[in-house]
Asker: 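Take this structure, written in structure tokens, and hold onto it; I'll ask about it next.
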Amino acid sequence: HFVLSLNGARLAAIDDDNFVHIWDTNRSDLIQTISVPVSEDFPMYRDIAISQDGQFVAVARDIETSFVWDITSGELVFIMPESASSIVFISDGKYLVTGSNTNELSFWDTEEWVKVNQLSLGKENVGEIYFLKEDVTREWLWVLQGSPKRLIVFQIEDDQISPFYDRVIESRVGFFADISQTGSYAFMEFDTNPSKDEMCSILRIWDIKTNSEMKSYVIDPSVNLSI
């Protein structure tokens, strides 16, 4: 797993030996290496996040606890007393959002490190979480759930969060690509090629504001495509 801070100044990655490495992208220097606690039963971590200002790095584990460190000092500043399958900082690092296998989103204040909000998202586990900052006042939180895939988009404005978009993709979805700053997303699905009447992979780009397909690309079966 790896992640880039919103300002582009820090890059963080976690390796197979459970070390977090953090680089200063302006100087291309490795500035911090952190050893992440593991247990014999659950040695692997699910997700990693870095705050927009590059101050904190967080690692999610889907059993027992997750962790947050100060990047400059390497100090462990918060042990989250619950599991998390996905994790992301929002609102200029003011909040840390975690998704869980209990189908909930939790919002943590990064000054006091206390939970300030929790949302239940139905029956499916929370998979991936994305964050976008549109302007000074408006932000977006994208949540991907379960199978069939459900995409929920929340609008965050003046510290208030409200549902904006909710779509279940019924077809057989292979994977999602990343989210763009323009409010569109891409996903790969398996469907029938209308020109050849055979199953194929189709890459679709979707606009959330109009809830319509912008473009689609039929992928040649000989191409081994991953995102």
Side-chain angles (χ1 to χ4, degrees), residues 1-39 42-62 65-80 83-99 105-114 116 127-144 156 159 175-186 205 225-227:
H1 294 288
F2 66 90
V3 65
L4 187 69
S5 65
L6 193 65
N7 64 9
R10 298 287 184 268
L11 175 68
I14 186 167
D15 63 24
D16 292 339
D17 296 319
N18 294 301
F19 284 91
V20 173
H21 308 277
I22 303 159
W23 291 266
D24 182 313
T25 59
N26 295 318
R27 306 194 311 265
S28 300
D29 291 341
L30 179 66
I31 60 173
Q32 190 64 265
T33 298
I34 297 168
S35 177
V36 182
V38 297
S39 65
F42 298 94
M44 299 302 293
Y45 286 81
R46 292 291 301 274
D47 201 7
I48 184 172
I50 190 168
S51 61
Q52 286 86 343
D53 59 3
Q55 181 180 0
F56 299 115
V57 63
V59 174
R61 185 168 65 168
D62 59 3
T65 53
S66 299
F67 304 94
V68 183
W69 290 266
D70 181 281
I71 290 176
T72 301
S73 66
E75 177 187 0
L76 179 63
V77 296
F78 181 51
I79 300 176
M80 190 181 303
S83 62
S85 58
S86 50
I87 195 164
V88 69
F89 287 92
I90 68 171
S91 303
D92 295 325
K94 186 176 181 180
Y95 302 107
L96 179 66
V97 181
T98 59
L105 284 182
S106 297
F107 295 76
W108 304 83
D109 182 292
T110 59
E111 289 190 1
E112 302 294 331
W113 296 112
V114 294
V116 293
E128 301 166 56
I129 307 175
Y130 301 88
F131 170 73
L132 293 175
K133 186 178 180 67
E134 183 173 331
D135 52 37
V136 175
T137 61
R138 184 177 298 173
E139 303 170 336
W140 304 93
L141 191 66
W142 300 60
V143 181
L144 192 61
I156 305 170
D159 273 353
F175 53 79
F176 270 69
D178 209 347
I179 309 300
S180 81
Q181 292 286 355
T182 60
S184 61
Y185 61 95
I205 301 177
L225 181 66
S226 63
I227 295 180

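All figures in this text were calculated on a predicted structure; none of them were measured in a lab.
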Asker: Hey, could you give me the CD1/CD1 distance between I34 and I71, rounded to the nearest 0.5 Å?
Answerer: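 I34 CD1 to I71 CD1: 7.0 Å, rounded to 0.5 Å.
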Asker: Can you list every salt bridge (charged side-chain N to carboxylate O under 4.0 Å, His left out) pair that touches residues 3-14, not counting sequence neighbours?
Answerer: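 Qualifying pairs: R10-D24.
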Asker: State, yes or no, whether a side-chain contact exists between V88 and L141 at a heavy-atom distance under 4.5 Å.
Answerer: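 V88 reaches L141 side chain to side chain.
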Asker: So, using ring pair (Phe, Tyr, Trp, His ring centres under 6.0 Å) as the criterion, who are the partners of F56 when residues are at least two apart?
Answerer: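 Here the qualifying residues are W113.
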Asker: Applying side-chain hydrogen bond (donor to acceptor under 3.5 Å, both in side chains), can you list everything that pairs with W23, at least two apart in sequence or on another chain?
Answerer: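 None.
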Asker: Would you say the side-chain atoms of S106 pair up with the backbone N or O of T98, donor to acceptor, closer than 3.5 Å?
Answerer: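 No, the answer is negative, given that no donor and acceptor are paired below the 3.5 Å cut-off.
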Asker: Please name all residues satisfying side chain to side chain contact (heavy atoms under 4.5 Å, CB included) with E111, sequence neighbours left out, ordered by chain then number.
Answerer: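 D109.
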Asker: For A12 versus I22, what's the shortest heavy-atom pair and its separation?
Answerer: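 What the structure gives for the nearest pair is CB-CG1, 4.1 Å.
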Asker: State, yes or no, whether a side-chain contact exists between Q55 and I50 at a heavy-atom distance under 4.5 Å.
Answerer: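 With C-beta onward as the side chain, the pair stays apart.
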Asker: What I'd like to find out is whether the side chain of V59 reaches to under 4.5 Å of the side chain of V20, using heavy atoms alone.
Answerer: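 Yes - at least one pair of side-chain heavy atoms lies under 4.5 Å apart.
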Asker: With sequence neighbours left out, what residues match F19 under side chain to side chain contact (heavy atoms under 4.5 Å, CB included)?
Answerer: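 Listed in chain order: D15, D17, H21, T33, S35.
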Asker: Keeping E139 on the side-chain end and I156 on the backbone end, is there a donor-acceptor pair under 3.5 Å?
Answerer: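 No; judged by distance alone, with no hydrogens or angles, the pair does not exist.
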Asker: List the residues meeting side-chain hydrogen bond (donor to acceptor under 3.5 Å, both in side chains) with S86, not counting sequence neighbours, and say none if there are none.
Answerer: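 Per chain and number, S86 pairs via side-chain hydrogen bond (donor to acceptor under 3.5 Å, both in side chains) with no residue.
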Asker: Suppose we call two aromatic rings close when their centres sit under 6.0 Å apart. Are F78 and W69 close by that rule?
Answerer: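 No; W69 has its ring centre 6.0 Å or more from that of F78.
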Asker: With sequence neighbours left out, write down each residue that passes side-chain hydrogen bond (donor to acceptor under 3.5 Å, both in side chains) with T110, or none if nothing qualifies.
Answerer: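 By the side-chain hydrogen bond (donor to acceptor under 3.5 Å, both in side chains) rule, T110 matches no residue at all.
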Asker: Kindly write out the residues that satisfy side-chain hydrogen bond (donor to acceptor under 3.5 Å, both in side chains) with D29, not counting sequence neighbours, or none if the list is empty.
Answerer: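 Partners of D29 under the side-chain hydrogen bond (donor to acceptor under 3.5 Å, both in side chains) test: R27.
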Asker: Is there a donor-acceptor contact under 3.5 Å from the side chain of S91 to the main chain of G93?
Answerer: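 Such a contact is absent between S91 side chain and G93 backbone.
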Asker: Which heavy-atom pair separates A9 from N26 by the least distance, and what is that distance?
Answerer: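 In terms of heavy atoms, the two residues are closest at CB-ND2, 4.3 Å.
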Asker: Return the set of residues passing side chain to side chain contact (heavy atoms under 4.5 Å, CB included) with T72 (not counting sequence neighbours), or none when no residue passes.
Answerer: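 With neighbours one apart ignored, the set is D70.
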Asker: With A49, which residues qualify under side chain to side chain contact (heavy atoms under 4.5 Å, CB included), at least two apart?
Answerer: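 Here the qualifying residues are I87, F89.
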Asker: Do W108 and V68 make a side-chain contact, defined as non-hydrogen atoms from C-beta onward lying under 4.5 Å apart?
Answerer: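 The answer is no, as the side chains (C-beta and beyond) never meet within the 4.5 Å cut-off.
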